[in-house]
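For reference, the structure is listed below as structure tokens.
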Amino acid sequence: MKGMGSAAGNRLDELFDARDDYDIVVRVIREEDIVVARQMAKQMAQDAGFSLADTTKVATAVSELARNIYRYAREGKIFMRKTEEQGVSAIEIKAVDKGPGIEDIDLVLTKGYSTFERSLGIGLSGVKRLMDDFEIVSYVGKGTVVFLKMRSRKI
Amino acid sequence: MIRARVVPTIILFGCMLVPIQIELDDATVESLQNQILDEIHKNDKIKAVIIDVSMLDIIDSYMSYTLSETAAMARLMGCRTIVCGIRPAVALTLAQMGVPLSEGIEVARDLEHALLLVGAPFLRG
């Protein structure tokens, strides 16, 4: 999904300052916050009864998003919450920044594409492959929001 | 120049063992890379580097990138690098993301297997 147009910028402000019912908010300002974010995600996935494999996926996905925020936008926030749908627990994550935005979302989701020199260019496309739901909304010059959702798998 | 060692290493039979037992943030990963190259440079007995990641419960794309890059750098200095002990959940996550960690780097099941691969003399019986 490509969100362009300036009127939509207000929605980004709303998302950035959202004080809705997310359980945890991690502000990503320093590089060490990447570790904090992924540890919080891991803890939440464990609390939600996720398997070790799914916990690792969620924590890794959050690590990638936090790094993207730090690298490209300098700062942002990661919101996390536990939900439940028909008795299945799930985790929803929203990563928001007011960075430069993404001009061509399809391009950044191409494996191997990166504008950062020390990178595999796998972060976002990898996150998309790990999660059940994945959506990016980006406004060039205003910022980017990434939504993730992962449902617990009962084995 | 004195640089703090990020991970205490053990050198035996020309192998440098690097057991990672701390949570690695990006700066620490970079320091570890510097440390490994520094130690290779200072000790010409080192012919192989074995990085044990069995304590790491998360390895993301940047850590993978830096590990592969470190292996490439060590190779240029004449050293083999083997990563061992990748956990099942980490393997699953990396494979699903499409991170090609095992392409540029040798992997082993555990420390013992890694030592066997480099032909550590005490294991030859």
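Residue numbers start from 1 in every chain, and the chains themselves are labelled A, B, ... in the order their sequence lines are given, proteins ahead of strands. Note that this is a predicted model, so its numbers are computed, not measured. Hydrogens, waters and symmetry mates are skipped; everything else that's a heavy atom, side chains included, is used.
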Using the rule that two of Ile, Leu, Val, Met, Phe, Trp, Tyr join whenever any of their side-chain heavy atoms come within less than 4.5 Å, decide whether [X] and [Y] are in one cluster.
{"X": "A:I29", "Y": "A:V25", "result": "no"}
{"X": "B:I82", "Y": "B:L76", "result": "no"}
{"X": "B:V6", "Y": "B:M55", "result": "no"}
{"X": "A:V62", "Y": "A:V35", "result": "no"}
{"X": "B:I51", "Y": "B:V29", "result": "yes"}

If you round to the nearest 0.5 Å, how far is OG1 of A:T56 from CG of B:L94?
10.0 Å
Counting only heavy atoms closer than 4.5 Å, note whether [X] contacts chain B via side chain, backbone, both or neither.
{"X": "A:L52", "result": "both"}
{"X": "A:K128", "result": "neither"}
{"X": "A:R71", "result": "side chain"}

Measure across [X] and [Y] and return the closest heavy-atom pair with its distance rounded to 0.1 Å.
{"X": "A:E64", "Y": "B:D60", "answer": "OE2-CB, 3.2 Å"}
{"X": "A:T60", "Y": "B:I58", "answer": "OG1-CG2, 3.7 Å"}
{"X": "A:A53", "Y": "B:A89", "answer": "CA-CB, 3.9 Å"}

Among B:D26, B:L92, B:D25, which residue has the highest count of heavy-atom pairs closer than 4.5 Å to chain A?
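With the most close heavy-atom pairs to chain A, the winner is B:D26.
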Check for a donor-acceptor pair, side chain of A:E31 on one end and backbone N or O of B:A27 on the other, with a separation under 3.5 Å.
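Side chain of A:E31 to backbone of B:A27, a donor-acceptor pair under 3.5 Å: yes, one is there.
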Tell me whether B:Q96 contacts the main-chain N or O of A:R129 through its side chain, where contact means a donor paired with an acceptor under 3.5 Å.
yes
Quick check on B:I59 against chain A: is it the side chain, the backbone, both or neither that has a heavy atom closer than 4.5 Å?
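Contact with chain A involves the backbone of B:I59 alone.
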Taking C-beta and beyond as the side chain, do B:T93 and A:L130 meet within less than 4.5 Å on heavy atoms?
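Yes, side chains in contact.
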